[in-house]
**Student:** 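Let me begin by handing over the structure; questions about it come next.
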Amino acid sequence: MDDDERPRPRGDAASALAREDLGPYSLDELAERIDLLKAEIARIEAHRTRADAHRAAADALFGKPSS
């Protein structure tokens, strides 16, 4: 099973954020939240890129595992 096919853990941060009521936030608070989320997305994408490069290096060294 590929990583994207696995169900998301119930208590993860993204699920909690998706359920949060945004009504009480001001426009400034929403803009700040968007900036924070964009920074977190960039951090996750950078980690994914490093993990992909690590996997590719391992596959090149040891051979790609058969599915």
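Atoms considered below: every heavy atom in the structure, side chains included; atoms not considered: hydrogens, waters and symmetry mates.
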**Student:** Between CD1 of I34 and CD1 of I41, what distance do you get to the nearest 0.5 Å?
**Tutor:**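 It is 10.5 Å, given to the nearest 0.5 Å.
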**Student:** Cut-off 3.5 Å, side chains only: do S15 and D12 have a donor facing an acceptor?
**Tutor:**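 Result is yes, a qualifying pair exists.
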**Student:** Does atom CG (L27) have a neighbourhood of more than 12 heavy atoms from anything else shown, all under 6.0 Å?
**Tutor:**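 12 or below, so no.
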**Student:** Applying side chain to side chain donor-acceptor pair (under 3.5 Å), can you list everything that pairs with R50, at least two apart in sequence or on another chain?
**Tutor:**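 Once residues adjacent in sequence are excluded, R50 has no partner under the side chain to side chain donor-acceptor pair (under 3.5 Å) criterion.
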**Student:** How does the hydrophobic cluster around L37 look, that is, which other residues are in it when side-chain heavy atoms under 4.5 Å mark a link?
**Tutor:**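 Noted: L37 shares its cluster with L17.
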**Student:** Under the rule for side chain to side chain donor-acceptor pair (under 3.5 Å), what residues qualify as partners of E45, not counting sequence neighbours?
**Tutor:**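 Counting only residues at least two positions away or on another chain, E45 forms no side chain to side chain donor-acceptor pair (under 3.5 Å).
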**Student:** Cluster partners of L61, using ILVMFWY side-chain heavy atoms under 4.5 angstrom, listed by chain and number?
**Tutor:**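 Under the 4.5 Å side-chain rule, L61 groups with F62.
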**Student:** Sequence neighbours excluded, which residues qualify as side chain to side chain donor-acceptor pair (under 3.5 Å) partners of R48?
**Tutor:**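 Applying side chain to side chain donor-acceptor pair (under 3.5 Å) to R48 gives none.
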**Student:** Considering only residues two or more places apart or on different chains, which pairs with a residue in residues 23-43 satisfy salt bridge (charged side-chain N to carboxylate O under 4.0 Å, His left out)?
**Tutor:**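 Of all non-adjacent pairs touching residues 23-43, those that pass salt bridge (charged side-chain N to carboxylate O under 4.0 Å, His left out) are E20-R33, E40-R43.
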